[in-house]
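For reference, the structure is listed below as structure tokens.
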2 protein chains.
Amino acid sequence: MVDDGTRGEADEREFLAAYDPHAYAPAAVTVDVVAMTIRAGEPLVLMVRRGASPQRGRWALPGGFVRAQDGPGGPADPDLPDAALRVLAEKTALPATLHLEQLGTYGARDRDPRMRVFSVAYMLLAPDLPDPGPGRDTAEVAWVPWRDLGHGGTARHEPAFDHAGIVADAVERARAKLEYTSLATAFLPPVFTITDLRAVYEAVWDRPLHAANFHRKILAAPGFVEDTGGLADRGGSGGGRRPRLYRAGGSAALHPPLLRSAQ
Amino acid sequence: MVDDGTRGEADEREFLAAYDPHAYAPAAVTVDVVAMTIRAGEPLVLMVRRGASPQRGRWALPGGFVRAQDGPGGPADPDLPDAALRVLAEKTALPATLHLEQLGTYGARDRDPRMRVFSVAYMLLAPDLPDPGPGRDTAEVAWVPWRDLGHGGTARHEPAFDHAGIVADAVERARAKLEYTSLATAFLPPVFTITDLRAVYEAVWDRPLHAANFHRKILAAPGFVEDTGGLADRGGSGGGRRPRLYRAGGSAALHPPLLRSAQ
DNA sequence: TGAGTTTTTCTCGATCTGAGGAGAACTTAG
DNA sequence: CTAAGTTCTCCTCAGATCGAGAAAAACTCA
């Protein structure tokens, strides 16, 4: 049975009262972006050196507040992905092609000492990007190797807040999705070789793969890559046969998957 | 270079000013729970009939506001999973064993007509639960088959707000994770048979599987299940050999995976 | 011209898969 | 008690797939 009338209105009154800004201490909704790329076989994450306390001088993920409503600072973000792209664009130039996917939301009580902050983390994958110039309100922006951002241990740059954990979640997500999706092409320009693709897998998984078997499996997976008909120019050092050029195929899922555990 | 001093303080002032409750219209953070179970081979989701407008009388996911701070309504939620379990416990009794995982956060501008709402959705998997009694502020709570909640089309119960999409995301997540993880055991009691496990896969994937090959693959995946040494009592209708009893093994990832595309 | 490099194809034994068959263990009907 | 039916478990086998290595193809550089 539907309980209508008074109960219903009470529910709605409760909804609005519970979020009367005067009744509760403030809580913020932010987006943080784990922007990943691969440069010379090294996986990198875009990090921002904090210019303000707390945690001044430490690396943090680029992020910012979600604009919930139109206000003096600008129009509202229509959706969360818009907010993610907006805050990232304030730190660096966005590439023409990118893959953006939501990673998760972090809201532990004491993750930020100033107030209760709920951060929606996004993972952004892009081909190698130019080095960013300093943003307008940030002291320093840089691409930092994944391996330097680990939890404790040998990490050279311990990130601020819980951002080390967020980066670790992004790295694990990327490693897993390379197994059963065609996500690896998001790290590459529109046209690439099978060797380029293998270099992505080797960089992300941090282990060598058998070139001949990789080649066979990629071409056996329907819709992963499609032949452009062209060959690379080459002429670089080392010599070797000119590789064929491919572009990303239409399918998002890989059948059969490429398993990390396998060779 | 670290830009310290004035810039840093300005940054922090901006942080606090931007979320001065008086300066901005309110935005809410809620949790919505997609609680899933399987009863008699039918996958079900826990839904709540809305007692208040808007969308009065339609089915919605159980959810509620995240308590960002201690307040008159109770103590703050230490983290988002705590909030998810709290709001679900207000609607139904929680099972002894459950799997809770974050699904994603939904924040499109017009998803709720009353105000800007950011909803962190959680997926909860549990063994078959008793039917819930009506909660204290809800007209009706029921387990509804997945297939009745689809977007448009033949759906018999069109859910409120964007909850059809959230359920669809949860269903797809569950289907995918059954391939690569031992998640299926979350739908089963502590002790189960291989046939019970196969029934979970068949219900979630909505297609029959070859019993003999399924049996072989489950036992070949290290750490998926472990033999308890016991046999089922049986005595039910139909007869048949008494099946062995297993419990969930320690490993979370399945190697090799069980692919949906395969038989 | 020849050595070295990289890409691509081929080979082969081992393993895995899908499909069906059949034995084992049990219930129920007669 | 026997026979028929059901369910669980194991076996078989042809075909596909995999890992590892060899080798051919195509190119650079000295």
Side-chain angles (χ1 to χ4, degrees), chain A residues 40-41 178-180 188 191-203 205 207-222 224-247 254-263, chain B residues 40-41 178-180 188 191-203 205 207-222 224-247 254-263:
Chain A
L178 255 56
E179 292 191 298
Y180 45 91
L188 294 173
V191 170
F192 53 86
T193 69
I194 302 287
T195 299
D196 294 335
L197 188 61
R198 181 165 51 85
V200 169
Y201 276 87
E202 291 179 331
W205 288 350
R207 69 190 209 78
L209 297 174
H210 188 286
N213 291 343
F214 182 85
H215 201 275
R216 178 178 62 188
K217 290 184 189 180
I218 295 303
L219 296 184
F224 192 0
V225 298
E226 53 187 41
D227 199 333
T228 64
L231 296 179
D233 300 344
R234 264 322 192 102
S237 66
R241 181 171 173 172
R242 289 164 61 200
R244 285 181 190 229
L245 294 173
Y246 295 85
R247 69 176 74 91
L254 280 195
H255 283 285
L258 291 165
L259 301 178
R260 269 181 284 186
S261 60
Q263 185 57 256
Chain B
L178 255 56
E179 292 191 298
Y180 309 98
L188 294 173
V191 170
F192 53 86
T193 69
I194 301 287
T195 299
D196 294 336
L197 188 62
R198 180 165 51 85
V200 169
Y201 276 88
E202 291 179 331
W205 287 350
R207 68 189 207 78
L209 297 174
H210 189 287
N213 290 343
F214 182 84
H215 201 275
R216 178 179 60 189
K217 289 184 191 180
I218 296 302
L219 296 184
F224 192 0
V225 297
E226 54 186 42
D227 199 333
T228 65
L231 295 178
D233 301 345
R234 265 324 193 103
S237 65
R241 181 172 174 172
R242 290 164 60 199
R244 284 181 191 229
L245 294 174
Y246 295 85
R247 68 176 76 89
L254 280 195
H255 282 286
L258 290 165
L259 301 178
R260 271 181 281 186
S261 60
Q263 186 54 256

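Letters A, B, ... are given to chains in the order of the sequence lines, protein chains preceding strands, and every chain is numbered from 1. These values consider heavy atoms only, across backbone and side chains, with no hydrogens, waters or symmetry-generated copies.
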Side chain of [X], heavy atoms from C-beta onward: which of [options] has the nearest atom to it?
X: B:Arg216; options: D:dC13, D:dC10, D:dC8; value: D:dC13
X: A:Pro243; options: C:dG18, C:dT7, D:dT9; value: C:dT7
X: B:Lys217; options: D:dA20, D:dT9, C:dT17; value: C:dT17

Practice item. Have a look at B:Arg244 and say if it touches a base, only the backbone sugar-phosphate, or nothing, with a 4.0 Å heavy-atom cut-off. Key: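 If one applies the 4.0 Å heavy-atom cut-off, B:Arg244 turns out to touch the sugar-phosphate alone, with no base involved.
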Practice item. Could you tell me whether B:Thr195 contacts a base, only the sugar-phosphate backbone, or nothing, with contacts defined as non-hydrogen atoms closer than 4.0 Å? Key: sugar-phosphate
Expressed as a whole number of angstroms, how long is the span from [X]:[atom1] to [N]:[atom2]?
X: A:Arg260; N: D:dC18; atom1: CZ; atom2: P; value: 18 Å
X: A:Leu245; N: C:dT7; atom1: CG; atom2: P; value: 12 Å
X: B:His255; N: D:dC18; atom1: NE2; atom2: C1'; value: 16 Å
X: B:Asn213; N: D:dC13; atom1: CG; atom2: C1'; value: 12 Å
X: B:Ile218; N: C:dG18; atom1: CD1; atom2: P; value: 12 Å
X: B:Asp233; N: C:dT27; atom1: CG; atom2: P; value: 11 Å
X: A:His215; N: D:dG21; atom1: NE2; atom2: P; value: 19 Å
X: B:Leu209; N: D:dC8; atom1: CG; atom2: P; value: 14 Å

Check your understanding: Below 4.5 Å, heavy atoms only, C-beta onward: do A:Leu178 and A:Leu254 meet side chain to side chain?
Key ->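 With C-beta onward as the side chain, the pair stays apart.
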Review point. Can you find a heavy atom in the side chain of A:Leu188 that is under 4.5 Å from one in the side chain of A:Tyr246?
Key: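 Heavy-atom side-chain distance check fails, nothing below 4.5 Å.
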Revision key, fill the gap. The side-chain hydrogen bond (donor to acceptor under 3.5 Å, both in side chains) partner of B:Arg244 among B:Thr228, B:Asp227, B:Thr193, B:Thr195 is B:Asp227
Review point. Could you state the interatomic distance from CD1 (B:Ile194) to CZ (B:Arg216), rounded to the nearest 0.5 Å?
Key: 13.5 Å
Review point. Going from NE2 on B:His255 to CZ on A:Arg260, what distance comes out if it is rounded to the nearest 0.5 angstrom?
Key: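 With rounding to 0.5 Å, NE2 (B:His255) is 7.0 Å from CZ (A:Arg260).
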Practice item. Output all residues satisfying ring pair (Phe, Tyr, Trp, His ring centres under 6.0 Å) with B:Tyr201, sequence neighbours left out; order by chain, then residue number. Key: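 Per chain and number, B:Tyr201 pairs via ring pair (Phe, Tyr, Trp, His ring centres under 6.0 Å) with B:Trp205, B:Phe214.
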**Study point:** Residues forming a side chain to side chain contact (heavy atoms under 4.5 Å, CB included) with A:Ala232, sequence neighbours excluded
**Key:** A:Pro243, A:Leu245
Nucleotide N/O to protein N/O under 3.5 Å, stretch nucleotides 22-26 of chain D:
residue	atom	partner	partner atom	Å
D:dA26	N3	A:Arg241	N	3.3

